[in-house]
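Note on naming: letters A, B, ... go to the chains in the order of the sequence lines (proteins, then strands), and numbering restarts at 1 for each one.
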Number of protein chains: 2
Amino acid sequence: MAKAAATVHGQRTPCQQCPLRSLPHFREFDRDELNFVSGFKKGELLVDAGATIFLEGAHSAHLFTILSGWGFRYKTLEDGRRQILNYVMPGDLIGLQGSIMGEMQHSTEALSPISLCVFERTELMTLYNSHPSLAYDLTWIASREERILDEHLLSIGRRSALERAAYLIAYLHQRARALRLFNGSKTIPIRQQHVADTLGLSVVHTNKTLKKLAARKLLFWHERGCEVLDGEGLAELAGWDGLDSVRRPFI
Amino acid sequence: MAKAAATVHGQRTPCQQCPLRSLPHFREFDRDELNFVSGFKKGELLVDAGATIFLEGAHSAHLFTILSGWGFRYKTLEDGRRQILNYVMPGDLIGLQGSIMGEMQHSTEALSPISLCVFERTELMTLYNSHPSLAYDLTWIASREERILDEHLLSIGRRSALERAAYLIAYLHQRARALRLFNGSKTIPIRQQHVADTLGLSVVHTNKTLKKLAARKLLFWHERGCEVLDGEGLAELAGWDGLDSVRRPFI
DNA sequence: CGACCGCTTGAGAAACCTCAATCTGCGTGG
DNA sequence: CCACGCAGATTGAGGTTTCTCAAGCGGTCG
């Protein structure tokens, strides 16, 4: 686990040509905002699948936006029990909590190779001083994460194992689809252990639960992860309304 | 339930004399910040115990800061299963998620009589434009909520019923103590039903779990709620490090 | 006094867990 | 090319946790 492999790239895609910007999922930036973000960006970073990007307790000097790849945030108890808090995908800003409040209180790990845009924590205040609209976006981003965590909490606390699993897969599927991530592989790159650690279940019970979803032809599981057959069916089974479709900002 | 009783008060405590400001728990504001916030504040609102402050799905024109009293945020599934997401106490800003992102996706209810400072959603952008330090504070506040939700998620997902209950009570106790709320009553004003809905347990099992904590002399339960006997013991049982003691902003 | 709310208790059922063994596909070293 | 080892998925058995149902108790309030 936690191979620390990472490569720094000096050369970088200018934000003005960021492939994510063209997605209808994200709000448009004006020229000024784009220029500022471009200057805010210090470089790019490549990280291997399985690598740890942030470790709980660290004081990172950087924050990142995911350019490509999948990852997840998690916390652990002292005896090793792990809880996955949320998943990160392209366009997600990671490390904001640590940058704003000091020490990181959760870890972040790559599920696939990930490329990241690198920002300096120390320049965050400049953003607040010079670009109120981006400052607003940062609050927006934090509020969105909060909202998603609210829904996860509802899920773990009050949904049955079957509903929980359906919700999780539907959630990941919706997010990934909005980002057009299924042009290539159509596969959600997670192990059943990740599902278990997200849902607060054991792997064994998770396996039996996923088999029930597969028996209903809602999804199927293969070597590399999970493939969704019926996202709406999953959402319906979970009693989940889905993510709102408002265009969101990203830095 | 949900008595809609609320009283608007034109007269109001000026923010410069806000009793919360003097608590060491909060960061100090300079004169300029204080003046701005004072102008931002439109009045005060009194709300009865049991009243609903925000209802899921609403588009509120206001956001509030709790001046006094206890409340909680929650979500429900269609069939009525309820999950309490977090508790709100003096100094907490509520309704930010709705103000930033539009529709409210959770409800908020008063546990005790609550007094609120009222702000206008439409003036939020002014804050971002004119007071970067307060804008930063808003992101800080949202990040803090996120961090707390992370911990709750870990708790519900991976802690046993006994650990969960211990964590919850220790958490509420620490927060309330930092706010000097125990000068009067020393009681956390919740029913066992609230504990159950926070921990994702049934009331019956919650009752049995709380009795175990009481048997260990960590707390005791009486007519009006819960009283903590050994906050550190609770935190230790839960394997919880406690809240960080950084002074926090509030608007 | 009677109704109601919240806490308590017991009993049986369901959900979920741990342990342990097996299977599969894949990459590695020989 | 093959044997081996490993990670991840699968299955069964038996145990624990937590749930639901149901009844009872005590205090408060109209």
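In this structure, Leu219(B) atom CG and dC7(C) atom P are separated by 13 Å, rounded to whole Å. When rounded to the nearest whole Å, the span between CG of Asp197(B) and C1' of dG6(C) equals 14 Å.
Residues His59(B) and Glu103(B) have side chains in contact (heavy-atom distance under 4.5 Å, counting atoms from C-beta outward). Looking at Arg73(B) and Gln97(B), their side chains come closer than 4.5 Å, going by heavy atoms from C-beta outward. Side-chain contact between Arg164(B) and Thr209(B) is absent, with no heavy-atom pair separated by less than 4.5 Å.
His106(B) has its ring centre no less than 6.0 Å from the ring centre of Phe54(B).
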For each nucleotide in nucleotides 8-26 of chain D, reading 5' to 3', give B when a protein heavy atom comes within less than 4.0 Å of its base, S when such contact involves only the sugar-phosphate, and - otherwise.
-> SSSBBB----SSBB-----

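Between the side chains of Glu227(A) and Thr187(A), at least one donor N or O lies within less than 3.5 Å of an accepting N or O.
The C1' atoms of five pairs define one axis at each end of the helix from dC1(C)-dG30(D) to dG30(C)-dC1(D), and these two axes lie 30° apart (to 10°).
A salt bridge links Arg175(B) to Asp92(B): one of the charged nitrogens lies within less than 4.0 Å of a carboxylate oxygen. No salt bridge links Asp197(B) with Arg191(B); every basic N to acidic carboxylate O contact stays at or beyond 4.0 Å. Taking the charged nitrogens against the carboxylate oxygens, Arg159(A) and Glu151(A) do have a contact shorter than 4.0 Å, which makes a salt bridge.
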